Enquirer: 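Supplied in structure tokens, the structure appears directly below.
Side chains are part of it too, since the values below use all heavy atoms of this structure and drop only hydrogens, waters and symmetry mates. Just so it is clear, the structure is predicted and the values come from calculations on it, not from any experiment.
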Amino acid sequence: MTTDASDAVEMRNALLRLRRGTGLPVAFGGLLEAGKQMRISELSGTATHALRSLVVTSGTGLGGKTVALSRPCVVTDYSASRQISHEYDAPVAAEGLRSVLAVPVVVRHRVHGVLYGALRTALPLGGRMLGAAVEAARDLERALVVRDEARTLVAGAGPGWEQVREAHTALRALAGRITDPELRAELLGACALLTAESARPTAECGGPVRVRLAPREVDVLACVAAGATNAVVADRLGLTPETVKGYLRSAMRKLRARTRGEAVVAARRAGWLP
């Protein structure tokens with residue numbers, strides 16, 4: 001499994017979910033790169049950069065043990081624990097971490113990364129915290145699977161497909177700024193030619209009703225599919241970031257998607273995006 005910018009976004013989202021679900025103030029994590037080495041790429045709630053880009057080898061430290069065993073591991077006092085090796089004591093101490101949990105990210109029966117949660121005091125991390133951390137890892141696993149499926153779809157779509165998607169995103173963004181209703185309709189019609197929208201059955205033509213997205217929900221998803229953050233989407237569409245979040249939440253609910261990546265894939269399958 002290769003890594004890219006979308007992985008960083010999904011990892012950051014997973015760390016935020018872990019912190020919210022567990023109540024732990026610090027979270028960090030990374031995906032395996034080559035062989036059995038993992039690089040910690042994302043930090044949340046940390047006070048220093050001591051852990052950034054730390055390379056963890058399978059079997060070493062808490063995270064390496066988690067990779068080797070493919071199961072969650074917990075220590076109450078990292079530096080004093082006899083359950084792990086201590087190659088990474090210096091960066092862990094520099095961040096002031098004591099109690100740490102590590103949960104594997106398993107995709108298709110292989111460990112592809114680790115999520116960590118930590119306290120700066122030596123206190124037991126209970127089952128509820130561990131369960132919430134595992135759930136955050138499961139969400140990340142689903143997002144990575146969806147991401148890989150999307151890559152497969154793109155690879156099978158033939159050369160130039162990304163340019164088609166970029167054109168679709170640009171046209172929808174432009175249509176939102178056009179005040180002339182006829183010209184706007186023409187632009188949206190051109191967008192429809194780039195998707196399967198014209199072939200979608202509707203109630204009017206007697207077919208089954210599928211997921212219905214509002215125009216602005218499609219606009220937001222098109223920008224998200226291009227890798228834009230909420231702030232960039234807001235600037236591109238002339239909306240506020242909070243409005244963008246609202247449209248995205250609504251679209252995800254309709255598409256029964258748990259992450260941004262799942263929503264994009266579901267919208268493509270439903271014919272809303274090319």
Enquirer: Which atom pairs, donor and acceptor, lie under 3.5 Å between side-chain atoms of residues 53-63 and protein residues at least two apart or in another chain?
Expert:
from : atom 1 : to  : atom 2 : distance (Å)
T60  : OG1    : T57 : N      : 3.4
T60  : OG1    : T57 : O      : 2.6
T60  : OG1    : Y88 : OH     : 2.5

Enquirer: Applying salt bridge (charged side-chain N to carboxylate O under 4.0 Å, His left out), name anything that partners E87, two or more places apart in sequence or on another chain.
Expert: none
Enquirer: Say whether M129 and V134 are linked into one hydrophobic cluster, either directly or through other cluster members, by side-chain heavy-atom distances under 4.5 angstrom.
Expert: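 Linked, M129 and V134 end up in one cluster.
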Enquirer: Tell me the closest heavy-atom pair linking M38 and G30, and the distance in Å.
Expert: SD-O, 3.4 Å
Enquirer: T259 vs N13, test: side chain to side chain contact (heavy atoms under 4.5 Å, CB included). Steps then yes/no.
Expert: CA-CA 9 Å; T259 68; N13 290 339; 6.0 Å; no
Enquirer: Where is the tightest heavy-atom contact between T48 and A94, given as atom of each residue plus distance?
Expert: CG2-O, 3.8 Å
Enquirer: Let me confirm one number: the CZ-CG distance from R172 to D219, rounded to the nearest 0.5 Å.
Expert: 4.5 Å
Enquirer: Starting at CZ of R269, measure out to CD of E262 and round the result to the nearest 0.5 Å.
Expert: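 Answer rounded to 0.5 Å: 9.5 Å.
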Enquirer: Just so I know, are the side chains of V103 and V114 near enough to count as touching, which here means a heavy-atom distance under 4.5 Å?
Expert: no
Enquirer: In chain order, what residues pass the side-chain contact (heavy atoms from CB on, under 4.5 Å) check against A132, with sequence neighbours excluded?
Expert: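 side-chain contact (heavy atoms from CB on, under 4.5 Å) list for A132, sorted by chain: T22.
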Enquirer: Hey, could you give me each pair passing salt bridge (charged side-chain N to carboxylate O under 4.0 Å, His left out) that has a residue in residues 40-67? Not counting sequence neighbours.
Expert: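 Of all non-adjacent pairs touching residues 40-67, those that pass salt bridge (charged side-chain N to carboxylate O under 4.0 Å, His left out) are R12-E42.
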Enquirer: Donor-acceptor pairs under 3.5 Å, side chain of residues 222-244 to any protein atom, not counting sequence neighbours: which ones?
Expert:
from : atom 1 : to   : atom 2 : distance (Å)
T229 : OG1    : V232 : N      : 3.3
N230 : OD1    : R260 : NH1    : 2.7
T240 : OG1    : T243 : N      : 3.1
T240 : OG1    : T243 : OG1    : 2.7
E242 : OE2    : K245 : NZ     : 3.4

Enquirer: Search all heavy atoms of V26 against all heavy atoms of G45 and return the closest pair with its distance.
Expert: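 Reported closest heavy-atom pair: CG2-O, 3.6 Å.
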Enquirer: List the atom pairs, with distances to 0.1 Å, where a side-chain N or O of residues 115-125 and a protein N or O form a donor-acceptor pair under 3.5 Å, not counting sequence neighbours.
Expert:
from : atom 1 : to  : atom 2 : distance (Å)
R120 : NE     : E95 : O      : 3.2
R120 : NH2    : E95 : OE2    : 2.4

Enquirer: Search all heavy atoms of P104 against all heavy atoms of A137 and return the closest pair with its distance.
Expert: O-CB, 3.7 Å
Enquirer: Any salt bridge between E141 and R138, counting N to O under 4.0 Å?
Expert: yes
Enquirer: What pairs of donor and acceptor atoms, side-chain ones from residues 73-84 against any protein atom, are under 3.5 angstrom apart with sequence neighbours left out?
Expert:
from : atom 1 : to  : atom 2 : distance (Å)
D77  : OD1    : R98 : NE     : 3.1
D77  : OD2    : R98 : NH2    : 2.8
S81  : OG     : Q83 : N      : 3.1

Enquirer: Using every non-hydrogen atom in the two residues, find where A214 and K254 come nearest and quote the distance to one decimal.
Expert: N-NZ, 4.0 Å
Enquirer: Between W272 (side chain) and V211 (backbone), is there a donor-acceptor pair under 3.5 Å?
Expert: yes
Enquirer: So which atom in A263 and which in M252 form the shortest heavy-atom distance, rounded to 0.1 Å?
Expert: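 Result for this residue pair: CB-CG, 3.8 Å.
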Enquirer: Do L43 and L16 sit in one hydrophobic cluster, given that two such residues count as connected whenever their side-chain heavy atoms are within less than 4.5 Å of each other, even indirectly?
Expert: no
Enquirer: Begin with the C-alpha distance, continue with both residues' side-chain angles, and end with the deciding distance and a verdict on side chain to side chain contact (heavy atoms under 4.5 Å, CB included) for L273 and V218.
Expert: CA-CA 8 Å; L273 299 177; V218 179; 4.2 Å; yes
Enquirer: By the salt bridge (charged side-chain N to carboxylate O under 4.0 Å, His left out) test, which pairs, at least two apart or in different chains, include something from residues 16-32?
Expert: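 Counting only pairs at least two positions apart or across chains, the salt bridge (charged side-chain N to carboxylate O under 4.0 Å, His left out) contacts touching residues 16-32 are R17-D139.
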Enquirer: Restricting to salt bridge (charged side-chain N to carboxylate O under 4.0 Å, His left out), what partner residues turn up for R128, sequence neighbours left out?
Expert: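 With sequence neighbours excluded, R128 shows a salt bridge (charged side-chain N to carboxylate O under 4.0 Å, His left out) to no residue whatsoever.
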Enquirer: Roughly how far, to the nearest 0.5 Å, is CZ of F28 from CD1 of I40?
Expert: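 So the CD1 of I40 and the CZ of F28 are separated by 5.5 Å.
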Enquirer: What's the separation between atom CG in L31 and atom OG in S41, rounded to the nearest 0.5 Å?
Expert: 6.0 Å
Enquirer: Got a sec, which residues hit side-chain hydrogen bond (donor to acceptor under 3.5 Å, both in side chains) with H86, two or more places apart in sequence or on another chain?
Expert: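 H86 satisfies side-chain hydrogen bond (donor to acceptor under 3.5 Å, both in side chains) with D89 only.
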